[in-house]
Engineer: 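Once you've had a glance at the structure underneath, I'll fire off some questions.
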Number of protein chains: 4
Amino acid sequence: MTKGKKRGPKYDKIIDAAVKVIAEHGYHQAQVSKIAKAAGVADGTIYLYFKNKEDLLISLFQKKMGSFIEKTEMEILLQKSPDEMLLSLIQMHFKQLSEDYDLAIVTQLELRQTNKQLRAKIGDVLKRYLALVDSILQKGKESSVFDESLDIRLARQMIFGTLDETVTNWVMNDHKFDLVALAKPIHRLLINGLSNK
Amino acid sequence: MTKGKKRGPKYDKIIDAAVKVIAEHGYHQAQVSKIAKAAGVADGTIYLYFKNKEDLLISLFQKKMGSFIEKTEMEILLQKSPDEMLLSLIQMHFKQLSEDYDLAIVTQLELRQTNKQLRAKIGDVLKRYLALVDSILQKGKESSVFDESLDIRLARQMIFGTLDETVTNWVMNDHKFDLVALAKPIHRLLINGLSNK
Amino acid sequence: MTKGKKRGPKYDKIIDAAVKVIAEHGYHQAQVSKIAKAAGVADGTIYLYFKNKEDLLISLFQKKMGSFIEKTEMEILLQKSPDEMLLSLIQMHFKQLSEDYDLAIVTQLELRQTNKQLRAKIGDVLKRYLALVDSILQKGKESSVFDESLDIRLARQMIFGTLDETVTNWVMNDHKFDLVALAKPIHRLLINGLSNK
Amino acid sequence: MTKGKKRGPKYDKIIDAAVKVIAEHGYHQAQVSKIAKAAGVADGTIYLYFKNKEDLLISLFQKKMGSFIEKTEMEILLQKSPDEMLLSLIQMHFKQLSEDYDLAIVTQLELRQTNKQLRAKIGDVLKRYLALVDSILQKGKESSVFDESLDIRLARQMIFGTLDETVTNWVMNDHKFDLVALAKPIHRLLINGLSNK
DNA sequence: TATGAATGAGTTTTCATTCAT
DNA sequence: CATGAATGAAAACTCATTCAT
């Protein structure tokens with residue numbers, strides 16, 4: 001929480017307006033005044049809920065990714081094997097971004113144009129997601145479903161890098177193809193690798 | 001070639017100065033005047049070699065990535081099997097960015113803060129690299145070294161996403177660890193996947 | 001109205017400051033920042049009232065010439081004959097520019113240094129004034145006070161050309177002579193021509 | 001003579017190129033480099049013939065107006081009465097600008113966008129032309145063809161103002177109408193004035 | 001809480017002119 | 001005489017943030 005306040009209907013309205021404006025006009029054309037107008041509030045009101053524009057963007061990412069991660073965590077809890085857990089994670093990753101194309105544009109393209117400082121804070125939010133990936137990998141190692149000598153950090157980079165690259169391609173191709181349908185083949189690819197068994 | 005000129009010692013000096021200034025000060029603090037001073041030329045001279053600042057950045061990426069890709073291609077030609085080619089590609093990827101940390105900062109962090117238009121042009125340059133990855137995968141499929149039912153696009157996204165994510169982590173961790181040493185384990189991971197054989 | 005706003009005390013203050021700065025420093029030395037300082041506002045405030053610098057200059061001309069024309073029209077309405085109307089027009093033309101030397105400098109010298117596009121818009125404003133001249137000429141023809149075969153367009157060019165040339169000479173001679181005193185002789189000249197009756 | 005040099009084939013080529021480039025692209029888009037290219041010389045060569053860009057423009061005006069005035073003077077010498085001399089002057093004024101539309105654009109529109117200093121020097125060149133008008137008026141007064149009480153300065157302003165305004169209108173209307181055909185009616189208008197005789 | 005008018009710092013690019021060759 | 005690569009000063013405009021109401 002950047003400010004003690006948070007919550008209130010306007011807090012949410014502003015964040016949703018920001019997602020919409022950034023998705024529609026791009027990060028560099030998403031002026032505070034434009035977001036305020038889209039949210040139906042005065043420019044100054046935004047500063048009652050957020051310390052500054054950067055805080056708004058971080059809060060946006062925190063809120064959206066928080067929900068994203070929670071739903072993924074819940075879904076994973078329902079799975080039995082690490083293998084199924086990974087499939088579930090991939091499916092949830094693709095499903096949630098498929099269902100909110102505006103958010104996908106914002107997270108995959110627009111928010112990456114921000115400065116290093118902001119991206120560092122975004123990275124912090126991602127850590128919880130990466131920890132989730134790690135826990136699946138750990139379980140997989142312990143249960144010998146995954147290679148026992150697996151370097152968790154490398155495996156996590158492979159999984160996240162693959163998913164992220166795939167979603168970015170999907171967004172840049174104007175979400176023409178069915179992203180969720182890729183979950184199973186990608187899961188299989190990550191599990192078996194390139195080699196011919 | 002955006003301008004008929006190009007080449008000449010100043011062309012290279014300006015590009016190298018741009019890499020250095022962007023790496024040192026960040027994309028948003030890399031003013032033309034700062035780059036000019038670093039290159040030892042007048043501000044206006046930059047506009048004799050580049051149409052505008054964006055053209056300079058694109059040219060920078062084209063030149064550096066062009067060289068990056070060429071060296072990788074040459075190295076791959078020396079390899080016999082698709083498996084070795086992939087290892088070679090990973091090693092060259094890591095080696096070249098390891099050896100030019102400034103360039104790594106610029107390509108992994110700073111140049112991603114640019115607008116969509118510029119990133120699109122950067123994407124064009126990358127296509128040649130991705131085509132190289134595809135050719136290795138294709139050879140692997142044909143020789144049955146790689147899974148014959150491999151979806152090349154997905155496999156390419158896995159490979160590039162993994163390498164890119166790994167290098168970005170290396171840069172963001174202030175290149176504390178030995179990037180090149182990761183080539184072999186990552187290669188193994190990509191070949192075998194997560195599963196316990 | 002280029003912007004919905006307009007009006008308000010600052011709108012007028014900025015325009016008056018622009019006239020003063022342009023008259024004093026010349027068109028090419030009338031930077032926005034100089035005008036803002038003279039108006040006692042911040043640079044950015046100018047852009048709340050005017051779309052850009054060109055819009056400010058056009059608005060300036062529209063406002064000043066609008067008032068100029070209105071006053072002339074009202075004075076002409078008080079006259080009975082076309083002959084007296086013409087005298088009245090000449091007197092108002094000279095009187096109003098005599099009383100605002102800064103404005104005279106701006107309209108006769110400085111605003112003519114602008115590009116064709118801006119001058120075209122200035123020309124539009126002048127059309128109302130030229131229409132006023134035309135109406136006097138038309139009345140004069142109909143009442144046989146003026147030559148019934150008069151080519152109105154040529155006559156208007158003679159009148160406007162003569163007045164404009166005279167005022168420009170007055171401005172360029174540092175308004176050393178009494179401009180208003182020339183109204184009657186010029187009126188007589190325009191009515192009778194050069195010939196010896 | 002601004003420089004001792006002058007003359008030489010390149011001197012004329014540069015001036016003619018300047019007229020063409022200014023007419024075609026407008027004063028503000030008539031860069032020295034563009035004029036040099038049009039003249040088929042190097043940028044620096046212009047500075048061998050002209051002190052600076054302003055000197056080039058003044059020389060352009062001097063050369064073209066010098067020729068303009070000389071031809072007018074010669075034509076007037078052939079006339080007997082002041083009345084015919086005035087008609088001759090008007091005809092030559094319109095004829096010469098009609099025959100060189102590029103020059104008309106340059107003198108009527110583009111060269112007026114220059115700063116006060118340059119326009120003052122242009123005014124000096126015009127003085128010889130105005131003196132020619134004055135001499136006709138003087139002859140007319142002395143021979144009682146023109147009103148003996150004529151204020152020569154005012155009459156000159158009327159004549160020049162009318163001609164100038166007419167030519168400017170012709171240029172701004174894309175020289176759609178026959179300018180020379182206006183010489184006689186304008187002559188009649190200037191001689192007889194507006195009144196119904 | 002909410003408003004929105006006002007602020008003012010900060011940067012790319014052009015182009016007349018020079019001068020070493 | 002001729003070249004043309006190099007110079008470097010100069011200005012309009014945007015937009016995150018504030019604060020009086």
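Letters go in sequence order (proteins before strands), and every chain restarts at 1.
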Engineer: Could you work out, with ring-ring contact (aromatic ring centres under 6.0 Å, His included) as the rule, every residue matching Y27(A), not counting sequence neighbours?
Structural biologist: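 In terms of ring-ring contact (aromatic ring centres under 6.0 Å, His included), with neighbours along the sequence ignored, Y27(A) is linked to no residue.
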Engineer: If we take the C1' atom in both dT21(F) and dT1(E), what is their distance in whole Å?
Structural biologist: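 My reading of the C1' atoms in dT21(F) and dT1(E) gives 13 Å.
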Engineer: Let me know, please, whether H28(C) or T45(B) comes out on the 5' side of the other along DNA chain F by nearest nucleotide.
Structural biologist: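 By nearest-heavy-atom nucleotide position, the 5'-most residue is T45(B).
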Engineer: For a quick test of reading the model: is some side-chain N or O of K10(C) closer than 4.0 Å to OP1 or OP2 of dA6(E)?
Structural biologist: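 For K10(C), the contact criterion (side-chain N or O under 4.0 Å from OP1 or OP2 of dA6(E)) is met.
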Engineer: Runs of at least three consecutive Watson-Crick or G-U pairs, both distances under 3.5 Å, are what I'm after; which ones involve DNA chain E?
Structural biologist: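 So far as stems of 3 or more pairs are concerned, DNA chain E shows E:2-21 with F:2-21.
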Engineer: In a table with atom names and distances, give each donor-acceptor pair under 3.5 Å that connects a side chain of residues 34-43 of chain C to protein atoms at least two apart or in another chain.
Structural biologist:
| residue | atom | partner | partner atom | Å |
| --- | --- | --- | --- | --- |
| K34(C) | NZ | Q29(C) | O | 2.9 |
| K34(C) | NZ | Q31(C) | OE1 | 3.3 |

Engineer: Rounded to the nearest Å, what distance is computed from the CD1 atom of residue I35(B) to the C1' atom of nucleotide dT11(E)?
Structural biologist: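 Those two atoms, CD1 and C1', are 12 Å apart.
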Engineer: Does D124(D) have any side chain to side chain contact (heavy atoms under 4.5 Å, CB included) partners at least two apart in sequence or in another chain, and if so, which?
Structural biologist: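 Applying side chain to side chain contact (heavy atoms under 4.5 Å, CB included) to D124(D) gives K127(D).
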Engineer: Going 5' to 3' along nucleotides 16-21 of chain E, which nucleotides have protein heavy atoms under 4.0 Å from the base (write B), which only from the sugar-phosphate (write S), and which from neither (write -)?
Structural biologist: SBB---
Engineer: Only counting residues at least two apart or in another chain, list the ones meeting side chain to side chain contact (heavy atoms under 4.5 Å, CB included) with V125(D).
Structural biologist: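 Checked V125(D) against side chain to side chain contact (heavy atoms under 4.5 Å, CB included); matches are F61(D), Q62(D), M65(D).
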Engineer: Can you check the Y49(A) OH to dT3(E) C1' distance for me, whole Å?
Structural biologist: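 It is 13 Å, rounded to the nearest whole Å.
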Engineer: With sequence neighbours left out, write down each residue that passes side chain to side chain contact (heavy atoms under 4.5 Å, CB included) with I105(A), or none if nothing qualifies.
Structural biologist: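 Checked I105(A) against side chain to side chain contact (heavy atoms under 4.5 Å, CB included); matches are A23(A), Y101(A), E110(A), V171(A).
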Engineer: DNA chain E: G40(A) or A42(C), which has the more 5' nearest nucleotide?
Structural biologist: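 Nearer the 5' end of the strand: G40(A).
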Engineer: Using atom CG of L56(D) as one end and atom C1' of dC15(E) as the other, report the distance to the nearest whole Å.
Structural biologist: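 Roughly 15 Å, once rounded to whole Å.
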Engineer: Got a sec, which residues hit side-chain hydrogen bond (donor to acceptor under 3.5 Å, both in side chains) with R119(A), two or more places apart in sequence or on another chain?
Structural biologist: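 Not a single residue meets the side-chain hydrogen bond (donor to acceptor under 3.5 Å, both in side chains) criterion with R119(A).
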Engineer: Any salt bridge linking K121(D) with D55(D)? Criterion: basic side-chain nitrogen under 4.0 Å from a carboxylate oxygen.
Structural biologist: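 D55(D) and K121(D): not salt-bridged.
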Engineer: Quick one: K37(C) NZ to dT7(E) P, roughly how many Å, whole number?
Structural biologist: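 Atom NZ in K37(C) sits about 14 Å away from atom P in dT7(E).
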Engineer: Take the protein atom CG of D55(B) and the nucleotide atom P of dT12(E), then report the distance between them rounded to whole Å.
Structural biologist: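 In whole Å, dT12(E) P lies 15 Å from D55(B) CG.
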Engineer: Starting the side chain at C-beta, find the nucleotide from dA6(F), dC15(E), dA5(E) nearest to Q29(D).
Structural biologist: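 Given the options dA6(F), dC15(E), dA5(E), the side chain of Q29(D) is closest to dC15(E).
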Engineer: Rounded to whole angstrom units, what separation is found between the CG atom of L48(C) and the P atom of dT14(F)?
Structural biologist: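 Result: 11 Å.
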Engineer: Which class fits the ring pair Y49(A) and Y11(A): parallel under 30°, tilted 30 to 60°, perpendicular over 60°?
Structural biologist: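 Plane angle between 30° and 60°, so tilted.
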Engineer: Taking atom C1' of dA5(F) as reference, at what distance in whole Å does atom CD1 of I46(B) sit?
Structural biologist: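 Value for this atom pair: 15 Å.
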Engineer: Starting at OH of Y27(D) and ending at P of dC15(E), how long is that distance when rounded to a whole Å?
Structural biologist: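 Those two atoms, OH and P, are 12 Å apart.
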Engineer: T168(B): which residues meet the side-chain hydrogen bond (donor to acceptor under 3.5 Å, both in side chains) condition with it, sequence neighbours left out?
Structural biologist: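 T168(B) satisfies side-chain hydrogen bond (donor to acceptor under 3.5 Å, both in side chains) with Q108(B) once adjacent residues are dropped.
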